[in-house]
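Let me begin by presenting the structure, written as C-alpha cells, before commenting on it.
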Protein chains: 2
Amino acid sequence: MLDERSKQILYAVTQSYINKPDPVGSRYVTKKFDFSLSSATIRNIMADLEELGFLSQPHTSAGRIPTDMAYRFYVDMLMNQSSFDFDTHIADEIKRRLDRIKNDINGFFKEVSATLSNLSSYMSIAQPPKALNSTFKKIELIKYKEGSIAAVLLTKENIIKSKILQIDPFLTQKDLNRIADFLNSEYEGFTIDEIRSVLLQRLKSEKAAWYQLLTKAMAIYEQILFFAENEIFIEGLYDVINLPDFADISKMKEIYRAIKDKDLLLKIIEDLRESEGVQVIIGCENPIQELNKFSIVASSYKSCGKKMGVIAIIGPTRMDYLKAISMVDLVSRCVCEILQNVDSEY
Amino acid sequence: MLDERSKQILYAVTQSYINKPDPVGSRYVTKKFDFSLSSATIRNIMADLEELGFLSQPHTSAGRIPTDMAYRFYVDMLMNQSSFDFDTHIADEIKRRLDRIKNDINGFFKEVSATLSNLSSYMSIAQPPKALNSTFKKIELIKYKEGSIAAVLLTKENIIKSKILQIDPFLTQKDLNRIADFLNSEYEGFTIDEIRSVLLQRLKSEKAAWYQLLTKAMAIYEQILFFAENEIFIEGLYDVINLPDFADISKMKEIYRAIKDKDLLLKIIEDLRESEGVQVIIGCENPIQELNKFSIVASSYKSCGKKMGVIAIIGPTRMDYLKAISMVDLVSRCVCEILQNVDSEY
DNA sequence: ATTTAGCACTCTAATGATGAGAGTGCTAAT
DNA sequence: ATTAGCACTCTCATCATTAGAGTGCTAAAT
C-alpha cells in the first residue's frame, strides 16, 4: 500500500519532527535528506501521505506533522530493523547503582524509576512486585499492645511487609506463635493470594480440632491482605515539563490530570504485565482517554520466574522512541538480572 | 507609625486582593468599603502606604497590590483578633476519617496531608514522625535467608519499621533471639537515637561476657538506623496549579522547582518543629530562595508528649490566610488528639 | 508517465497605530 | 484636612499591514 519511497519519506519526516518539533515542509526534506527529488515531488507524496492519515497540517500553509499513525509506522520500523545496541558500560553502571538497594524492594523500584527517567529524560513509572502475587515464605506475629499485634510477612521475592493489626485481646504471644507456625509450615511456596482461598476451603471442610486455629489465622490473614498494594513510583515530572511539547499551560495541566490518579496508570500497566518484551502504546492507541496525548514505552520484569510488574516511560507522542525503547529494554534487563540473583541467593 | 485609618485601609486592600487578584484602586475601595472618604483621600493614603512598603503598583496607572509586608501585617492582625472558630462538625468528620487508619502511620499522614489539602484547596505537606526521635518499644529479628534477616522495629508511637538486613551468615535464630531479647529488656523507653550512643558507650566500658553480644547487636542496630527517614507527603499539587496565581508557565514551573526536592521542604519543616501553635511564613520571609514566592502555614504535632513532626499548607503569598490558618490549626488538633488516644491505649 | 519549475494563494506571526478604560498625581477649591 | 477636577500614563484589545513559509495546481520538461 505504501511504496518504498513513500515509506522513506514518511520515516524522514517523522524523524525530523522528533528531532525538532517544527512542522516539516517539502523544501526542508529536500535539503536535509538526499532523495534526489524536487520539493514539488516531495510535496505530492506528502499530500498523499496526508490523505492516507499519516501526516497532518496545523494549517494550510504550514509544513506537515506526523500523526499517531506515523509514529506507529516509525516504531514498527524501529522494532523490526534492529535489536538495540547495548552499552555495557551503562548497563554495569545501572546494575551497580541498583544492586546496593536490592534488599529494600520499594527503594529499589523507586531508584529504577529514577534511573529510567534520568536516562531517557522523560517521565517514568515503576511498579514494584505486588505482595499478592508473590510467594509466601514466612510470617511472624508479634504481640505489641493490648489488642494489637505487629504482623510481618516475608516472601521469596525479598518483599517484606509489616503492619499493625487489631486483634482479639485475649490472644497471647503463644497463640500467635501457634498461628504463625501453622501458616509457616503449611503454606511455604504458595502465592500470598492462593493461601487465602486454600484457607477458606479448609475452613469449610475441616470442622475438627484445627477449627479454632484456622478461624483465628484466617481473621489475621484477611487483615494482612489489606496491605496497600497500589504502590507505583513516578519520577521525572520535572524533566518532562521542560519539554517544548508541554510549553503551554493547558498541555501542562494535562500531564497532571494524567498522572494525578495512579489507579489510571495502574490500569494500563496491569494490561501490559503479561506481554513479552518492550511494548509501545502511542497516543490515541491508549484506551484511557486522559493519556491519549502521551506515549508509553513499557516492559514487564520477572522475579522468581514470574512476571511481577512493569516499568515504563511516559512522554509526549513526539518522543525519541529509539532512545526510550532502548532504555526501557536495558533497564528491565538489569532489573531482571538483579532479581534473579536475589532469587538464587538461597 | 500607622494610624488606625491607614491600618483599616491596608487591611481592606489586602482583603480585597486576596478575594480577587486584581490590583485594587482607590475608587474600588470607596465603593466596596464604607470609609466615608473620597477616592482622592484614599489615593493619598495608599500613596503613603506604598512609600512605607506595604503596597506596590504593577505599573503607574494600575491599582495597588499588597506586598509581603502587607500580608505580614494582615496575618498578625488575624492572629491577634481571634482564635479561629471551630466547626465541630468538620472536626468530627476529620477525626473519623483519620481514626480508621491510625495504625498505619504513613497512610495516616498521607491522609492528613490529603485532608488538609482538600479543606484548604492549597497544597499541603505532612511529615510523619521520625523513627529516630521516637521511643523504642520492641525489636524482632527473624532469620530469613542465609546471611540475611528481617528486622522489625516497633515504637511506642505506633511506628513499625521493617527491613531486610545482611548479616554474618553464622548467626542462628537463637543468636538473633538473644540479641533481640537483650535490646528489648534493656532499652524499652529510650529513644531510638539514644540507644545507639548508649550501646556505643557500653561497648567501650564493658569488655567482659557481654562483649560479643554487644558487637553483634551494634552491627545490626547500625543497619536498622539506616531506615529511609526523610519521608514527607505532599498532596494537592493539582489543586494549586489551577489557581490564577499560577496561570503562567513560569510560575507553574516554580512550584515544581520548589517541591522537586523534598529535602528543601524538610529543612524548613525541621526549623518549625519546635515552635508552638500555628506558624506563618510569608514569601520572602522564607530563608529558602526557591520558596520565596510562596507562603507556608504550619503547625507541629505531638505524640507521646513529644513534638514529632509538622503539617503545613503551602500556597501563593496571596493566600486565604484565615482559612489556611484555621484549617492547619484544626487538623493539627485532630492529629494530636488521635495520637494521644493511640498513646493511652496501653 | 513522471518529475519539475513557476506562480498564485493562504495562513501565521510580528509590527505598529489607534482608542477606550482605569487609575494615578497634582492643584485648587471647599 | 478633605475633595473635585483634570491632565497624564499605562495597559489591553483591535485592526491593518507586511514578510515569510509552504502549499496546490498547471504547464513544461524529461
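Chain letters run A, B, ... following the sequence lines, proteins first, then strands; residues in each count from 1. Scope of the values below: all heavy atoms of this structure, side chains included, with no hydrogens, waters or symmetry mates.
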Without hydrogens or angle criteria, can the side chains of A:Thr317 and A:Ser295 be said to hold a donor-acceptor pair below 3.5 Å? no
5'-most contact on DNA chain D (nearest-nucleotide basis), B:Ser61 vs B:Ser38, goes to B:Ser38
Can we say B:Lys20 and B:Asp22 salt-bridge, meaning some charged N sits less than 4.0 Å from an Asp/Glu carboxylate O? yes
CD/A:Glu51: more than 12 non-hydrogen atoms of other groups inside 6.0 Å: no
Value in whole Å for how far the C1' atom of C:dG23 lies from NE2 of B:His59: 9 Å
For B:Met46 and C:dG23, what is the distance between atoms CE and P respectively, to the nearest whole Å? 10 Å
Tell me: CD1 of B:Ile42 to C1' of D:dA4, nearest whole Å? 15 Å
Ignoring hydrogens and angles, does a donor from either the side chain of A:Arg27 or the base of D:dG22 sit under 3.5 Å from an acceptor on the other? no
Please determine if a side-chain N or O atom of A:Arg64 lies less than 4.0 Å away from the OP1 or OP2 oxygen of D:dA21. no
Looking only at N and O atoms, is any donor in the side chain of A:Thr60 or the base of C:dC11 less than 3.5 Å from an acceptor on the other one? no
Rounded to whole angstrom units, what separation is found between the CG atom of B:Leu55 and the P atom of C:dT24? 11 Å
Provide, to the nearest angstrom, the distance between the CG atom belonging to B:Asn44 and the P atom belonging to D:dA4. 13 Å
Take the protein atom CZ of A:Phe35 and the nucleotide atom C1' of C:dT3, then report the distance between them rounded to whole Å. 16 Å
Return the value, rounded to whole Å, for the distance between atom CG of B:Asp22 and atom P of C:dG21. 18 Å
Salt bridge check, B:Arg72 against B:Asp68: does any charged N sit closer than 4.0 Å to a carboxylate O? no
Assert: residue with more 5' nearest nucleotide on DNA chain D, out of B:Leu37 and A:Glu50, is B:Leu37
Are the side chain of B:Tyr321 and the backbone of B:Tyr71 linked by a donor-acceptor contact shorter than 3.5 Å? no
What is the distance, rounded to the nearest whole Å, between atom CD of A:Glu51 and atom P of D:dT23? 16 Å
Under 4.0 Å, counting only non-hydrogen atoms across every strand here, what does A:Ser39 touch: a base, just sugar-phosphate, or nothing? nothing
Please work out if A:Thr41 contacts a base, only the sugar-phosphate, or nothing of the nucleic acid, heavy-atom cut-off 4.0 Å. base
